**Student:** 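Mind having a look at this structure? Questions to follow.
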There are 4 protein chains.
Amino acid sequence: MDKRAAIIDAAIAVFAEKGVEKATVSDIVKRAGIAQGTYYLYFPSRLAVMGGIAERVLTQLLARLHAQLDGLPAGAQLDRLAAVIFTEVGAQHQEVALLYSGMTQTDQMRRWEQIYAPLYAWLQQLLEQARADGAIAAGVQPRHAARVLVGAIEAAAEQVHLYADTSADEARAHLAELERFIGAGLGRAPAV
Amino acid sequence: MDKRAAIIDAAIAVFAEKGVEKATVSDIVKRAGIAQGTYYLYFPSRLAVMGGIAERVLTQLLARLHAQLDGLPAGAQLDRLAAVIFTEVGAQHQEVALLYSGMTQTDQMRRWEQIYAPLYAWLQQLLEQARADGAIAAGVQPRHAARVLVGAIEAAAEQVHLYADTSADEARAHLAELERFIGAGLGRAPAV
Amino acid sequence: MDKRAAIIDAAIAVFAEKGVEKATVSDIVKRAGIAQGTYYLYFPSRLAVMGGIAERVLTQLLARLHAQLDGLPAGAQLDRLAAVIFTEVGAQHQEVALLYSGMTQTDQMRRWEQIYAPLYAWLQQLLEQARADGAIAAGVQPRHAARVLVGAIEAAAEQVHLYADTSADEARAHLAELERFIGAGLGRAPAV
Amino acid sequence: MDKRAAIIDAAIAVFAEKGVEKATVSDIVKRAGIAQGTYYLYFPSRLAVMGGIAERVLTQLLARLHAQLDGLPAGAQLDRLAAVIFTEVGAQHQEVALLYSGMTQTDQMRRWEQIYAPLYAWLQQLLEQARADGAIAAGVQPRHAARVLVGAIEAAAEQVHLYADTSADEARAHLAELERFIGAGLGRAPAV
DNA sequence: GATGAATGAGGGTTCATTCAT
DNA sequence: TATGAATGAACCCTCATTCAT
């Protein structure tokens with residue numbers, strides 16, 4: 001019924017299977033079970049669906065963060081932040097990989113900011129709360145720290161989940177180092 | 001004379017101008033001033049030149065790091081690491097943007113590890129030295145910390161240089177937060 | 001209210017703007033302010049509207065001829081024939097241009113005869129009258145002369161109004177020569 | 001060998017068979033025995049080949065006029081002008097029909113003047129010669145008369161050869177009237 | 001090594017037409 | 001009558017790649 005959602009679903013699958021460059025609109029519509037022309041009623045070009053995928057990924061990530069962290073004290077939320085994102089990027093690694101190749105191909109790079117905005121806003125508020133609680137170092141600048149954190153965590157997650165053949169042990173160690181790093185960087189605990 | 005280099009130069013310019021997906025071999029050879037067929041004497045396919053671009057970017061980054069940091073104590077090198085990479089990514093932001101879109105498109109994602117390997121190796125060694133010097137916290141795991149650091153710094157640099165319309169003030173503040181973060185994360189100084 | 005007329009109006013405008021080949025039914029209905037499907041209630045195919053345009057042009061031309069010439073002696077009507085058609089083709093040059101491209105595209109070329117029939121009939125009768133009056137040469141064959149005259153006048157009008165960047169002076173001179181030609185050809189006056 | 005000429009040949013045939021709107025580039029190249037892409041090495045768009053067809057038609061018409069008329073006195077050349085053009089348009093009626101539909105479809109209508117220029121120039125000169133010989137009326141304006149004549153003759157030829165199901169008798173009568181008309185119009189003979 | 005004309009498969013996109021409402 | 005979302009066949013054109021010179 002919801003053709004827009006069906007297109008996004010199909011696009012994720014097809015892009016993941018054949019790669020962004022090789023995937024054709026024909027592949028997508030075939031899998032979505034709609035006609036060729038119908039695609040263009042919802043997205044103006046082959047790659048425009050990337051925006052739709054990105055929104056969905058971020059929305060889902062934010063939902064997961066809320067589900068896992070809401071109710072905890074701000075400091076505790078920050079302690080678990082990396083692990084939750086790590087897990088979620090792992091779960092959605094296909095979609096995330098797409099985004100990195102898809103978004104940069106079009107002129108839509110500026111849409112990143114827009115799409116990430118809710119995540120940044122949420123984390124910034126969390127950092128402000130934690131600072132008010134005295135749970136992190138006073139010198140932390142929430143606005144920038146939010147972006148630095150997201151960048152560091154996602155970069156780590158991608159290294160593990162997308163680019164390298166990382167063993168489970170390596171992945172755990174990588175996450176551990178990242179958490180140690182964040183903990184110390186935020187002043188949750190002194191660096192050991 | 002060096003046609004291989006001319007092709008890489010031209011490819012960087014063309015990819016940056018038209019985007020990776022829309023750039024054609026014809027565009028590249030025209031700008032390089034060579035014949036269509038000549039391209040295939042140096043690279044086996046349209047996207048194969050991305051590997052060449054990546055090598056050049058990383059080589060140049062590593063060279064810059066050596067030039068700016070060699071001779072300093074390990075701890076001091078780490079303190080300045082972010083600033084140097086930040087600057088370099090800013091200077092090469094066109095090329096860097098390409099890599100993010102280009103590498104993921106082919107099946108070459110695994111080449112990332114290979115291309116980044118020298119950078120990771122250098123930084124890992126630097127961290128080991130710094131730990132031996134007592135310049136950073138003993139808990140730092142050089143192998144993983146190297147990757148975490150590179151990821152965090154590059155992610156921040158990309159946010160500033162590629163994706164957002166960031167003002168100079170914002171950029172400075174972003175870098176400052178990143179440096180504070182790294183300093184505390186490595187235990188160079190306690191988080192303030 | 002009269003949707004058929006609205007479609008013809010819109011089609012004339014759209015065909016003139018984008019050319020017959022590039023004009024779409026979507027363009028036409030958008031400009032006519034009706035729904036896509038409504039078009040097909042009035043015309044069975046995209047180009048069928050050309051017939052409607054043609055009828056309108058010819059009807060209007062014939063009306064203009066009657067308005068300007070009725071009541072004059074047959075000879076005098078013939079003297080003014082070229083000027084009236086010239087003016088009318090100038091006024092409707094968009095529509096006329098369409099006909100030349102539109103009619104030939106479909107299998108409708110034979111419809112020309114049918115659409116032009118009333119004009120030919122009217123002129124043939126006028127020529128017969130003029131011959132009976134002794135106002136033109138006795139050798140004129142009304143049936144064929146009607147077609148030759150219409151052809152000559154329209155060709156001249158098209159040259160001036162459609163194909164060339166003709167100055168007003170040139171246009172006047174062209175018309176003058178045409179009138180001289182017709183006058184002499186019909187034996188209204190000996191060629192000077 | 002000459003691919004450009006082969007394309008024009010094939011285009012004439014295909015356009016004539018299927019109509020301009022329905023003819024595809026694929027049809028043309030198949031008949032020309034070349035690859036799809038090769039077409040675009042010679043003509044920038046599907047309809048651009050029309051220009052090539054037009055040049056050829058006019059060139060051939062001019063050649064025929066020279067072949068049939070050169071050497072005759074100017075007045076005699078004018079007397080036979082209509083018959084020669086009539087015949088030639090009959091012989092090339094496919095190509096001529098194309099031009100009327102093809103040229104108007106693109107933005108190339110202004111090219112008509114350019115393509116017809118040699119014919120106009122030749123006829124204008126002929127009229128000047130005839131006037132100098134005293135073979136036609138002194139009032140004839142060669143520049144404009146050339147265009148009027150060409151227009152009248154071609155219009156008549158098209159009526160006969162393209163648009164109507166004209167019998168041979170009708171066609172002869174039509175030509176006769178046209179010749180009578182031209183003769184009187186130029187003052188070769190008084191109108192009878 | 002270098003050229004560039006030729007290839008031809010392939011895909012994004014358009015758009016005339018339909019039909020359930 | 002009117003609508004406009006949906007259809008899907010069809011086509012123009014591009015462009016990576018080849019190969020004779």
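These values consider heavy atoms only, across backbone and side chains, with no hydrogens, waters or symmetry-generated copies. Quick caveat: nothing in here was measured; it's all calculated off a predicted structure.
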**Student:** Take the protein atom CZ of R4(B) and the nucleotide atom C1' of dA2(E), then report the distance between them rounded to whole Å.
**Tutor:**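 Distance check: R4(B) CZ to dA2(E) C1' gives 18 Å.
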**Student:** So, using side-chain hydrogen bond (donor to acceptor under 3.5 Å, both in side chains) as the criterion, who are the partners of T59(D) when residues are at least two apart?
**Tutor:**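 side-chain hydrogen bond (donor to acceptor under 3.5 Å, both in side chains) list for T59(D), sorted by chain: empty.
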**Student:** Dot-bracket for DNA chain F, please. Rules: Watson-Crick or G-U, both distances under 3.5 Å, ( ) within the strand, [ ] when a pair crosses earlier ones, | for another strand, . otherwise.
**Tutor:** .||||||||||||||||||||
**Student:** In the structure I gave you, are the side-chain heavy atoms of F43(C) and R4(C) within less than 4.5 Å of one another anywhere?
**Tutor:**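 Yes; the side chains approach each other to less than 4.5 Å.
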**Student:** How would you list, by chain and number, every residue that makes a side chain to side chain contact (heavy atoms under 4.5 Å, CB included) with A32(C), sequence neighbours excluded?
**Tutor:**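 Only A10(C), I34(C) meet the side chain to side chain contact (heavy atoms under 4.5 Å, CB included) criterion with A32(C).
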**Student:** What integer distance in Å separates F43(A):CZ from dT13(E):P?
**Tutor:**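 Interatomic distance, CZ of F43(A) to P of dT13(E): 14 Å.
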**Student:** Expressed as a whole number of angstroms, how long is the span from K30(B):NZ to dA5(E):P?
**Tutor:**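 It is 11 Å, rounded to the nearest whole Å.
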**Student:** Checking contacts here: which listed nucleotide (dA2(E), dT7(F), dA6(E)) is nearest the side-chain heavy atoms of K3(A)?
**Tutor:**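 In terms of side-chain proximity for K3(A), the closest of dA2(E), dT7(F), dA6(E) is dT7(F).
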**Student:** Summarise how protein sits on nucleotides 13-21 of chain F as a single string, 5' to 3': B when a protein heavy atom is under 4.0 Å from the base, S for sugar-phosphate-only contact, - for no contact.
**Tutor:** BBSSBB---
**Student:** For A16(A), what residues pass the side chain to side chain contact (heavy atoms under 4.5 Å, CB included) criterion, not counting sequence neighbours?
**Tutor:**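 For A16(A) the side chain to side chain contact (heavy atoms under 4.5 Å, CB included) partners, ignoring immediate neighbours, are Q94(A).
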**Student:** Just jot down the side chain to side chain contact (heavy atoms under 4.5 Å, CB included) partners of A91(C), sequence neighbours excluded, or say none.
**Tutor:**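 Applying side chain to side chain contact (heavy atoms under 4.5 Å, CB included) to A91(C) gives none.
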**Student:** Checking E17(C) now: which residues fulfil side-chain hydrogen bond (donor to acceptor under 3.5 Å, both in side chains) with it, not counting sequence neighbours?
**Tutor:**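 By the side-chain hydrogen bond (donor to acceptor under 3.5 Å, both in side chains) rule, E17(C) matches R31(C).
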**Student:** Considering heavy-atom distances to DNA chain E, does G33(D) or G33(B) have its closest nucleotide positioned more toward the 5' end?
**Tutor:**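 Looking at the nearest nucleotide for each, G33(B) comes out on the 5' side.
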**Student:** Which whole-number value in Å describes the distance from D27(C) CG to dT14(E) P?
**Tutor:**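 So the CG-P distance, D27(C) to dT14(E), works out to 12 Å.
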**Student:** Does L119(C) have any side chain to side chain contact (heavy atoms under 4.5 Å, CB included) partners at least two apart in sequence or in another chain, and if so, which?
**Tutor:**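 Side chain to side chain contact (heavy atoms under 4.5 Å, CB included) list for L119(C), sorted by chain: L58(C), L61(C), L62(C), L65(C), Y116(C), W122(C), V150(C).
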**Student:** Send over the distance from D2(B) CG to dA2(E) C1', rounded to a whole Å.
**Tutor:**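 In whole Å, dA2(E) C1' and D2(B) CG are 15 Å from each other.
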**Student:** For D27(D), give me all partners under side-chain hydrogen bond (donor to acceptor under 3.5 Å, both in side chains), at least two apart in sequence or on another chain.
**Tutor:**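 In terms of side-chain hydrogen bond (donor to acceptor under 3.5 Å, both in side chains), with neighbours along the sequence ignored, D27(D) is linked to K18(D), T24(D).
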